[in-house]
Amino acid sequence: MDLKAIEEYLELLKFSGINEMVVSNNNEASIFDYKGKSPLKKNHKLDINSLKAECLTCQKCKLSETRNKVVFGEGNPKSDLLIIGEAPGREEDLTGHVFVGKAGQLLTKMLKAINIKREDIYIANILKCRPPENRNPAPKEVENCLPFLEKQIEIIQPKAILLFGRVAAVNLLKIEQNLGAFRLKPFLFKNIPVFVTYHPSALLRNPSWKKNAWADLQFFQKYYESLR
Ligand code: URA
């Protein structure tokens, strides 16, 4: 493990109250402490507007034939936080804006509950076009569309990513498991800490899951506020 990797790992552990770790290297143990540095540097060389323009004319898959509008994503591209959902629903497809339907209203409330204003952060989806009848994204659709999200991440360089729902988690992290196995632990995507909670649509269908979602949000908040 090199020094950079250790610092990155400590960044993740810091919010659990762990500030140092013992590393054994060639039988020599050294203690590395967290210096409060972010492992990430902002890189605005790529331009979000050019990427959006490219995305709006995308015809890589058949969803371009059934969509009304491409939903590229929106918010503050300089934000430390990127929220990722699954795909546009009916309202989003009609308006071209992310999370504007009932699930979007709940998402706004969930963020507010952890002191995050929606307008301060960036929100995007795995798919930029609505799958008919809101069916799950097909693997080929994800394969075609993911490069747009990966470029958004490269431009925004968030210090944390919060994923809403299993579909977003499986398709970004490329780990096939239940939502429960993604909860309450950080993952890494290109060295960026990633947290996972329930999709607001799932919470609207199953309000009894809100208690767990609240635990997830508080877990995430602890990390996110440790960055400030
Ligand atoms: N559900 C999502 O996953 N994303 C949206 O933008 C709207 C609903």
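Atoms within each ligand, like the ligands themselves, are counted from 1 in listed order. Sequential numbering from 1 along the given sequence is applied to the chain's residues.
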S.K.: Between H199 and F99, is the gap from one ring center to the other below 6.0 Å?
M.R.: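 Ring-ring flag for H199/F99: true, centres closer than 6.0 Å.
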S.K.: Once you restrict to heavy atoms under 4.0 Å, what part of E86 touches ligand 1? Side chain, backbone, both or neither.
M.R.: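 The part of E86 near ligand 1 is both the backbone and the side chain.
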S.K.: Rounded to the nearest 0.5 Å, what separates atom CD in E176 from atom CZ in R166?
M.R.: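 One finds 5.0 Å between CD of E176 and CZ of R166.
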S.K.: Tell me which protein heavy atom sits closest to atom 4 (N) of ligand 1, plus the residue, atom name and distance to 0.1 Å.
M.R.: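 The protein heavy atom lying closest is N125 OD1, 2.8 Å.
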S.K.: Does F99 reach ligand 1 with a nitrogen or oxygen that is under 3.5 Å from one of the ligand's nitrogen or oxygen atoms?
M.R.: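 F99 vs ligand 1: N/O contact under 3.5 Å present.
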S.K.: Any ion pair linking R228 and E225 (charged N to carboxylate O, less than 4.0 Å)?
M.R.: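 Not counted as a salt bridge, because no side-chain N and carboxylate O are separated by less than 4.0 Å.
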S.K.: Both conditions, 6.0 Å and 45 degrees, for the charged tip of K60 above the ring of F148: are they met here?
M.R.: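 Yes, a cation-pi geometry holds between K60 and F148.
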S.K.: Between ligand 1 and H199, is the shortest N or O to N or O distance under 3.5 Å?
M.R.: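 Yes, at least one N or O pair falls under 3.5 Å.
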S.K.: Can you find a pair of side-chain heavy atoms, one from V167 and one from L127, that are under 4.5 Å apart?
M.R.: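 The answer is no, as the side chains (C-beta and beyond) never meet within the 4.5 Å cut-off.
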S.K.: Below a 4.0 angstrom heavy-atom separation, can you tell me which part of E91, side chain or backbone, both or neither, approaches ligand 1?
M.R.: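 The answer is neither; E91 stays 4.0 Å or more away.
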S.K.: Quick check on the hydrophobic clustering: are I121 and V100 connected, directly or via other members, by side-chain heavy-atom contacts under 4.5 Å?
M.R.: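 They do not share one cluster, since no chain of ILVMFWY contacts under 4.5 Å joins I121 to V100.
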S.K.: Considering only the protein, which heavy-atom contact is closest to atom 2 (C) of ligand 1, and what is its distance?
M.R.: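 It is A87 O, 3.0 Å.
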S.K.: Enumerate the atoms of ligand 1 whose separation from the nearest heavy atom of G85 is less than 4.0 angstrom.
M.R.: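 Under 4.0 Å from G85, ligand 1 has these atoms: 3 (O).
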